[in-house]
A.B. asks: 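Sharing a structure, written as structure tokens. Questions coming.
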Amino acid sequence: MRLASNIVYDVEHLRHVIKEISRHDHFSWDIETIGPYATTPVRNDVAWIAFSAPGVDAVIPMRHPIGSRIIGETKEPRADKNGKVRYFRVPVWDEPPAQLRPSIVFEETFDLFESDREKIAQNLSFDAISIAKHRGGELPKPPFHCTLVSSWLLDENRLNGLKPRVREEFGSDYDQGHTGKHIASTAFDKVARYNLLDTRFTRWLRNRNLAQMAEQRLFPVFHLEMDVLEVLLAMGQEGAPLDVPALHDLREHLETLVEQQEADVYRAAGKAFNLNAARQVAEVLYYPQNRGGQGIKPHKLTSGGKKKKQAGERITQLDYTTDADELAKHAGNPVVDALLTYKETNKLLSTYVYGYLGDPTAKDRPCQIHSGRIHTNFKQYGTVTGRFSSSEPNLQNIPRPNTDLGKRIRGLFIAPPGYKLIIADYSQIELRVLAHFAGPGALFEGFQAGIDPHTITAAGILKLPHDQVTGTQRTDYGKRINFLIGYGGGEHLLAEVAKIPLREAEGIIALHKQGFPEIYAYKAKLLEVARSRRPCHIRTLTGRIRRVPDLLSPAKWIRLKAERQIINSHIQGSAADIIKIAMVRTHAELPEEAKLILTVHDELVTLVPDHLVEKAVEAIREGMLGAGIQSLLSVPLQSDIKIVDRWSEAKE
DNA sequence: CTTCACTCGTGG
DNA sequence: AAATCCACGAGTGAAG
């Protein structure tokens, strides 16, 4: 490859490249970004863009700050973290060549991204949202192929970065360093080569992945994922509105609270120590009084402690857990009580408040709020089961509005004046999926009859008519067991969470087997099918694959874990299929001005102007429950829909 | 200085 | 006998 001839410096060359690409029905593209928000698509600066199609490779620099040669060195003063000024040697680079302006490049390439050609990228949502800023907010139009998604469908268990995949498929190791993370300080010609190779390998990888997906009959789920990707692009661009003034108030409030609560712990303990260090907490709580401790007798080891015990090593007080579950057993001790209070407050302050506002002193903790909104990173390829993950920040683990502080955090997510939030939750989706797979039986028929599933389970175990089940029985024999069976929990776990003797737990599970034999038959059959395949795997409702090779492990505890994973993935993965389908359908039905903004496993959050609320509710209902999606399950789907001003108002 | 394992705590 | 599935992230402390 003669790199120089592939670098585009003028409009004539650019137009020629676009013409060449236009001969094909697909092309790949890739960008390089710089600036303080290089990894934030709604904020970053796009410095490079490259295109690749059969016989065409082009890389277009737009604002690379340096040239290709080091011509000297200077010293720059920088304060270290103790505030001391130190001098660092900094290379001086030659000037970069004259480059095309982004406005020109994105104007010339505008139609390419509007066309019906297949647009290919590795992690397409990053590149698409980043370039939309330069396209008057217009996202590229489908059809899409994101190679990160296709690679993940082909192997959900490995990390599907481009470089490892390229090494695997083509045996090429074209970038040993981390060029993509330091674009602005990397030589011009090196970035050009890197950007171009990324783009070309992405296109090649698309071809490999298409062939492998065809072999594995993964096209139906791949097309679903590409439809989901379109929805995700719109969500990523939109963001979730936040009550920023309330967030600042909450910071003030929590900071004073934490300070007081920290002092309360020290006072009770008679000394200061690091409250966030589990070992120091164990020392204070579990050491005897003559060694400055509280002399509490702990029950449960940490996971590391269990390993030590297994290995025959000596266990000390420091190997016992100090988690909230253990501490609750020692409530009444003044240190424990103060510590529990502190932990709750500190968790909310550091994870949620500082997590959103950022820490100006820490480079790796940026403010996550842009124009009053949070743009989380939803990854459709973020889990092994098919669910989404959410990061930077994670908006799928916002505290529930059960406590005052939890409510204040969740309440930060608001509808601006003139808008409403519509919160739509699938009710008991995993149990419905289980009933569908298990087929006719008490659970299946209960759902058909519209009876609450926890009541069904309790009635089945206690051999009572469902209208005679009391509230306590529903919780103890219904909810708790239903929770357990989805994850494959056993007698030991039931005994522990229900605080009952092991014998009693065994009895309850035996009764459940009697009342719901079809559930156990389904599990046995599923495992048999999974074991017969190589590698061992199951498929969800949409044909998504979860591979669990450990199913044939000679070690019994590894094999049992694999069995739980197989069963849980079949159910959790199929539920994920349903919510993904619902998102696509809802997005298509919603009026233009109504926007899906969040998805939390079984919940969709939509932001809607007041005058469109009724229409939007109808669209969401149709998207989540309409005939086209209901036909996937043999038991009825159900969704609870609430219209609110703050997310915290939607508690059940 | 960076990276990693570990513990803990949120959510579904 | 280590016996509950799937995530993200703050923070500690030791090792590279």
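The structure displayed is predicted, hence computed values, not measured ones. Labels below follow one simple rule: chain letters A, B, ... track the order of the sequence lines, proteins then strands, and each chain is numbered from 1.
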A.B. asks: Should A:K561 be listed as having a side-chain N or O under 4.0 Å from OP1 or OP2 of C:dC5?
C.D. replies: yes

A.B. asks: Just jot down the side chain to side chain donor-acceptor pair (under 3.5 Å) partners of A:T345, sequence neighbours excluded, or say none.
C.D. replies: A:Q261

A.B. asks: Across the strands shown, which category fits A:R564 at heavy-atom distances under 4.0 angstrom: base, sugar-phosphate, nothing?
C.D. replies: sugar-phosphate

A.B. asks: Strictly by salt bridge (Lys or Arg N to Asp or Glu O under 4.0 Å), give each pair with a member in residues 378-407 of chain A just once, sequence neighbours left out.
C.D. replies: A:R387-A:E430

A.B. asks: Out of C:dA3, C:dC6, B:dT10, which nucleotide sits closest to the side chain of A:T385?
C.D. replies: C:dC6

A.B. asks: What residues, two or more places apart in sequence or in another chain, satisfy side chain to side chain donor-acceptor pair (under 3.5 Å) together with A:T321?
C.D. replies: A:D323

A.B. asks: Extract all donor-acceptor atom pairs below 3.5 Å that involve side chains of residues 496-510 of chain A and protein atoms in other chains or at least two apart in sequence.
C.D. replies:
none

A.B. asks: Can you list the residues that meet the side chain to side chain donor-acceptor pair (under 3.5 Å) rule with A:E262, with sequence neighbours excluded?
C.D. replies: A:Y266

A.B. asks: So which protein nitrogen or oxygen atoms get under 3.5 Å of nucleotides 13-16 of chain C's nitrogens or oxygens?
C.D. replies:
from   : atom 1 : to     : atom 2 : distance (Å)
C:dG13 : OP1    : A:Q280 : NE2    : 3.1

A.B. asks: Identify whether any heavy atom of A:E392 sits under 4.0 Å from a base atom; if not, whether one sits that close to sugar-phosphate; answer base, sugar-phosphate or nothing.
C.D. replies: sugar-phosphate

A.B. asks: C1' atom, B:dC8 versus C:dA1: distance in rounded Å?
C.D. replies: 25 Å

A.B. asks: Counting just side-chain N and O atoms, does A:T383 come under 4.0 Å of either OP1 or OP2 of C:dA7?
C.D. replies: no

A.B. asks: What string of B, S and - do you get for nucleotides 3-8 of chain B, 5' to 3', when a contact is any protein heavy atom under 4.0 Å?
C.D. replies: ----SS

A.B. asks: Main chain of A:N394, side chain of A:S391: is a donor-acceptor contact present, judged purely on distance under 3.5 Å?
C.D. replies: no

A.B. asks: I need the CD1-C1' distance between A:I485 and C:dC6, as an integer number of Å.
C.D. replies: 17 Å

A.B. asks: On the nucleotide C:dC6, are OP1 or OP2 found under 4.0 Å from the side-chain N or O atoms that A:Q565 carries?
C.D. replies: yes

A.B. asks: Taking atom C1' of C:dT12 as reference, at what distance in whole Å does atom CG of A:L275 sit?
C.D. replies: 13 Å

A.B. asks: Measure the distance from CG on A:L254 to P on B:dT10 and round it to the nearest whole Å.
C.D. replies: 13 Å

A.B. asks: Atom CG of A:N377 to atom P of C:dC8: distance rounded to whole Å?
C.D. replies: 10 Å

A.B. asks: Between B:dT10, C:dC5, C:dG11, which one does the side chain of A:S350 approach most closely?
C.D. replies: C:dG11

A.B. asks: Please compare A:R546 and A:N346 by the position of their nearest nucleotide in DNA chain C and report the one closer to 5'.
C.D. replies: A:R546

A.B. asks: Taking only the side-chain nitrogens and oxygens of A:Q572, find out if one of them lies under 4.0 Å from OP1 or OP2 of C:dC5.
C.D. replies: no

A.B. asks: Rounding to an integer number of Å, can you tell me how far A:L349 CG sits from B:dG9 P?
C.D. replies: 16 Å

A.B. asks: Sequence neighbours excluded, which residues qualify as salt bridge (charged side-chain N to carboxylate O under 4.0 Å, His left out) partners of A:K308?
C.D. replies: A:D319

A.B. asks: Using atom CG of A:D550 as one end and atom P of C:dC5 as the other, report the distance to the nearest whole Å.
C.D. replies: 12 Å

A.B. asks: Using the salt bridge (charged side-chain N to carboxylate O under 4.0 Å, His left out) criterion, which residues pair with A:R646? Sequence neighbours excluded.
C.D. replies: A:D243

A.B. asks: Which residues within residues 394-408 of chain A lie with some heavy atom under 4.0 Å of an atom in DNA chain B?
C.D. replies: A:Q396, A:N397, A:I398, A:P399, A:R400

A.B. asks: Reckon A:R365 has a side-chain N or O less than 4.0 Å from the OP1 or OP2 of C:dA10?
C.D. replies: yes

A.B. asks: Does the ring pair (Phe, Tyr, Trp, His ring centres under 6.0 Å) test come out yes or no for A:Y487 and A:F483, once each step is laid out?
C.D. replies: CA-CA 7 Å; A:Y487 303 153; A:F483 189 66; 5.1 Å; yes

A.B. asks: For A:R559 and C:dA3, is the shortest distance between a side-chain N/O and OP1 or OP2 below 4.0 Å?
C.D. replies: no

A.B. asks: Does any N or O in the side chain of A:T40 come within less than 3.5 Å of the main-chain N or O of A:R43, such that one atom is a donor and the other an acceptor?
C.D. replies: no

A.B. asks: In terms of the nearest nucleotide of DNA chain C, which residue is placed more toward the 5' end: A:N568 or A:S391?
C.D. replies: A:N568

A.B. asks: Whole angstroms only, please: what is the CG-P distance between A:D425 and B:dG12?
C.D. replies: 9 Å

A.B. asks: Tell me the side chain to side chain donor-acceptor pair (under 3.5 Å) pairs involving residues 346-358 of chain A, sequence neighbours left out?
C.D. replies: A:E255-A:Y354, A:N276-A:N346, A:Y342-A:N346

A.B. asks: Between P on C:dC6 and CD1 on A:I538, what's the gap in Å once rounded to a whole number?
C.D. replies: 12 Å

A.B. asks: Regarding C:dA2, can its base be found pairing with the side chain of A:W557 as donor and acceptor, where the two atoms are less than 3.5 Å apart?
C.D. replies: yes

A.B. asks: Do any N or O atoms from the side chain of A:Q380 and from the backbone of A:V228 form a donor-acceptor pair under 3.5 angstrom?
C.D. replies: no

A.B. asks: Under 4.0 Å between any heavy atoms, over every strand shown, what does A:F388 touch: base, sugar-phosphate, or nothing? Just pick one.
C.D. replies: nothing

A.B. asks: Of all residues at least two apart in sequence or in a different chain, which pass the side-chain contact (heavy atoms from CB on, under 4.5 Å) check with A:K525?
C.D. replies: A:E528, A:V529

